[in-house]
Amino acid sequence: MRRWFVSYTLGMIVGAVLFLCSLVAIHWLGPQLWVGVALGGSLLVGCNIGLEVLKRHYQVTTPQAIFRLLDWS
């Protein structure tokens with residue numbers, strides 16, 4: 001459970017960074033970077049959906065439960 005939670009969270013971060021960097025770089029490097037925008041956006045949305053499904057399935061919806069899962073208590 002912890003591994004999936006961390007993987008989905010990292011996937012969201014990577015997707016957001018790819019999305020934003022590609023969106024900014026389109027201005028200088030051309031429209032072929034729309035592929036990076038699409039990939040980053042789909043990674044961001046896909047990991048977000050997976051993370052929400054995981055949190056609801058294991059009933060880890062409060063910040064305290066997430067901190068306990070990650071041993072940050």
Side-chain angles (χ1 to χ4, degrees):
M1 164 71 181
R2 180 180 176 174
R3 182 185 66 187
W4 285 104
F5 185 85
V6 172
S7 296
Y8 281 135
T9 304
L10 289 176
M12 287 178 59
I13 293 169
V14 168
V17 169
L18 178 63
F19 178 81
L20 290 175
C21 289
S22 296
L23 198 59
V24 170
I26 285 174
H27 178 70
W28 292 284
L29 300 176
Q32 66 269 23
L33 284 175
W34 281 109
V35 174
V37 172
L39 287 175
S42 61
L43 182 63
L44 178 63
V45 170
C47 287
N48 186 24
I49 291 170
L51 184 60
E52 290 301 320
V53 167
L54 185 73
K55 284 175 18 182
R56 289 182 193 262
H57 177 73
Y58 287 103
Q59 299 175 351
V60 182
T61 54
T62 64
Q64 293 83 11
I66 292 170
F67 289 151
R68 268 183 285 162
L69 171 71
L70 298 173
D71 295 327
W72 288 353
S73 54

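In what follows, residues are counted from 1 in the order of the sequence shown.
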**Q** Verify the cluster assignment for Val37 and Val35: are they in a single hydrophobic cluster under the rule of side-chain heavy atoms below 4.5 Å apart?
**A** no
**Q** When hydrophobic residues are tied together by side-chain contacts of less than 4.5 Å, even through go-betweens, does Leu44 share a cluster with Leu20?
**A** no
**Q** Rounded to the nearest 0.5 Å, how far apart are CZ of Phe67 and OG1 of Thr62?
**A** 9.5 Å
**Q** Side-chain heavy atoms under 4.5 angstrom apart, residues restricted to Ile, Leu, Val, Met, Phe, Trp, Tyr: same cluster for Leu29 and Val24?
**A** yes
**Q** Which pair of non-hydrogen atoms, one from Leu33 and one from Ser22, has the smallest distance, and what is that distance?
**A** O-CB, 3.8 Å
**Q** Which atom pair, heavy atoms only, marks the closest approach of Leu69 to Arg2?
**A** O-CD, 3.8 Å
**Q** Which atom pair, heavy atoms only, marks the closest approach of Gly41 to Phe19?
**A** N-CD1, 3.8 Å
**Q** Determine the minimum heavy-atom distance between Phe5 and Leu51, stating which atoms define it.
**A** CD1-CD1, 3.4 Å
**Q** Which pair of non-hydrogen atoms, one from Ile66 and one from Val60, has the smallest distance, and what is that distance?
**A** CG1-CG1, 3.6 Å
**Q** Rounded to the nearest 0.5 Å, what separates atom NE2 in His57 from atom CD in Glu52?
**A** 14.5 Å
**Q** Taking atom CD of Gln59 as the centre, does the number of heavy atoms from other residues, nucleotides or ligands within less than 6.0 Å exceed 12?
**A** no
**Q** Can you list the residues that meet the salt bridge (charged side-chain N to carboxylate O under 4.0 Å, His left out) rule with Arg3, with sequence neighbours excluded?
**A** none
**Q** Hey, any chance Tyr58 and Leu70 share a hydrophobic cluster, counting ILVMFWY side chains that come within less than 4.5 Å of each other, even indirectly?
**A** yes
**Q** For Leu23 and Trp34: C-alpha separation, side-chain torsions, deciding distance, then whether side-chain contact (heavy atoms from CB on, under 4.5 Å) applies.
**A** CA-CA 7 Å; Leu23 198 59; Trp34 281 109; 4.2 Å; yes
**Q** Can you hop from Val14 to Met12 via hydrophobic side chains spaced under 4.5 Å?
**A** no
**Q** Rounded to the nearest 0.5 Å, what separates atom CD1 in Ile49 from atom CG in Leu54?
**A** 13.5 Å
